[in-house]
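Worksheet for the structure shown next.
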Amino acid sequence: MAKQVPQANRMSEDEMTQTHVATLISGRKDWRTALAALRRLLADADDTAQVFRIMRALNAGVAKAGYDRLLRTPGGGEIACRQVELAERLSEPGAVSGYAAGSVGAAYRSFLEETGYSAMGLAAISRSDDPLRDARHPYAWYGRRTRDVHDIWHILTGYRADDPLGEACLTAFSYAQTGGLGWAAIAAGAALQNVSSAAGRVKVRAIWEGYRHGRRAAWLLGEEYELLLAEPLEAARGRLRIAEPVAYLAASAAI
């Protein structure tokens with residue numbers, strides 16, 4: 001016979017999940033937590049856990065809005081119904097091994113090999129101080145999906161993940177795509193760090209370009225990523241209206 005979970009414990013977990021979902025739905029922002037985490041992140045760009053603290057503090061309500069938008073897009077209802085956990089799917093043995101040269105998936109495979117990053121590694125960092133991130137709820141799933149496509153967005157946009165400027169540009173792009181103030185705070189913080197010098201202002205132009213490119217591009221969270229990975233990279237960029245990051249490449253060359 002299956003072991004029964006005590007009613008009290010089950011209710012406690014349910015209440016915790018409901019609290020988590022209420023936060024996802026609400027528009028309440030925790031600026032004190034966000035600013036403290038932003039200071040730590042700007043001091044150490046590799047402290048990825050701070051990114052998720054900022055997102056939790058400032059992106060309340062974004063998952064609900066994004067999920068509702070997904071339901072209104074062609075094919076979005078099917079994506080939402082299947083609720084594929086992309087971190088798990090992309091981490092399955094051989095998941096990215098079969099993509100043809102020149103495809104988004106092949107570029108993602110090279111990215112993983114070169115950086116040592118992994119979809120599950122990013123997921124683990126996000127859970128480090130947020131055990132309810134895996135809540136079984138559509139809005140929580142949508143939040144995980146947003147997290148899990150981050151590195152694929154690096155591939156699509158051309159902003160390098162192992163470069164603080166590349167991350168800053170992608171956060172500006174992500175703010176334009178999602179409307180999440182957490183992304184805006186990180187991008188703005190990176191820009192303010194550089195605005196006082198001529199060399200730094202080259203970086204600021206690159207960050208601003210990231211935002212403009214995010215505004216111009218198609219809504220990437222409405223994409224079916226298992227199909228997108230099989231597309232030729234340049235064709236996918238054209239279809240999705242993702243422009244070449246000219247200012248970012250110039251800033252990287254100058255640095």
So which heavy atom on [X] is nearest to which on [Y], and how close?
| X | Y | answer |
| --- | --- | --- |
| H154 | E167 | NE2-OE2, 3.2 Å |
| V62 | G180 | CG2-CA, 3.7 Å |
| L112 | S118 | CD2-CA, 4.1 Å |
| A230 | S103 | O-CB, 4.0 Å |
| R216 | I242 | NH1-N, 4.5 Å |
| G77 | L71 | CA-CD2, 4.2 Å |

Residues at least two apart in sequence or cross-chain that pass side chain to side chain donor-acceptor pair (under 3.5 Å) with E224, listed by chain then number, are R82
Would [X] end up clustered with [Y] when hydrophobic side chains under 4.5 Å apart are linked, directly or stepwise?
| X | Y | result |
| --- | --- | --- |
| V84 | W153 | yes |
| L58 | F173 | no |
| L233 | L249 | yes |
| F111 | L86 | yes |
| V204 | L38 | no |

Approximate separation, where rounding is to 0.5 Å, of [X] [atom1] and [Y] [atom2]:
| X | Y | atom1 | atom2 | result |
| --- | --- | --- | --- | --- |
| S126 | R56 | OG | CZ | 9.0 Å |
| T157 | R237 | OG1 | CZ | 7.5 Å |
| I186 | L170 | CD1 | CG | 10.5 Å |
| I54 | T33 | CD1 | OG1 | 10.5 Å |
| L220 | I152 | CG | CD1 | 10.5 Å |
| T146 | L221 | OG1 | CG | 4.5 Å |

Quick one: sort the W141 and Y67 rings into parallel, tilted or perpendicular, breaks at 30° and 60°. perpendicular
Angle between ring planes, W183 versus H150, binned at 30° and 60°: parallel, tilted or perpendicular? parallel
With the threshold set at 4.0 Å, does a side-chain nitrogen-carboxylate oxygen contact exist between R72 and D68?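 Answer for the salt bridge query: no.
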Evaluate whether atom [atom1] of [X] has more than 12 neighbouring non-hydrogen atoms of other residues, nucleotides or ligands under 6.0 angstrom away.
| X | atom1 | answer |
| --- | --- | --- |
| E78 | CD | no |
| R160 | CZ | no |
| R215 | CZ | no |

So, D44 side chain and R40 main chain: donor-acceptor pair closer than 3.5 Å or not?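 Between the backbone of R40 and the side chain of D44 there is no qualifying donor-acceptor contact (under 3.5 Å).
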Sequence-distant partners of Y159, ring-ring contact (aromatic ring centres under 6.0 Å, His included), two or more places apart: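 Per chain and number, Y159 pairs via ring-ring contact (aromatic ring centres under 6.0 Å, His included) with Y248.
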Heavy atoms, side chains only, cut-off 4.5 Å: are [X] and [Y] in contact?
| X | Y | value |
| --- | --- | --- |
| D148 | L122 | no |
| L90 | Y225 | no |
| L41 | R53 | no |
| L181 | W31 | yes |
| V149 | E223 | no |
| L229 | V96 | no |
| I207 | L165 | yes |
| Y139 | Y142 | no |

Go through it in stages, so that I can follow the logic: the residues are L228 and L240, the test is side-chain contact (heavy atoms from CB on, under 4.5 Å), and I'd like the CA-CA distance, side-chain angles, deciding distance and then a yes or no. CA-CA 10 Å; L228 174 60; L240 296 169; 4.1 Å; yes
For E85, run the salt bridge (charged side-chain N to carboxylate O under 4.0 Å, His left out) check against R145, R144, R147 and tell me which one passes. R144
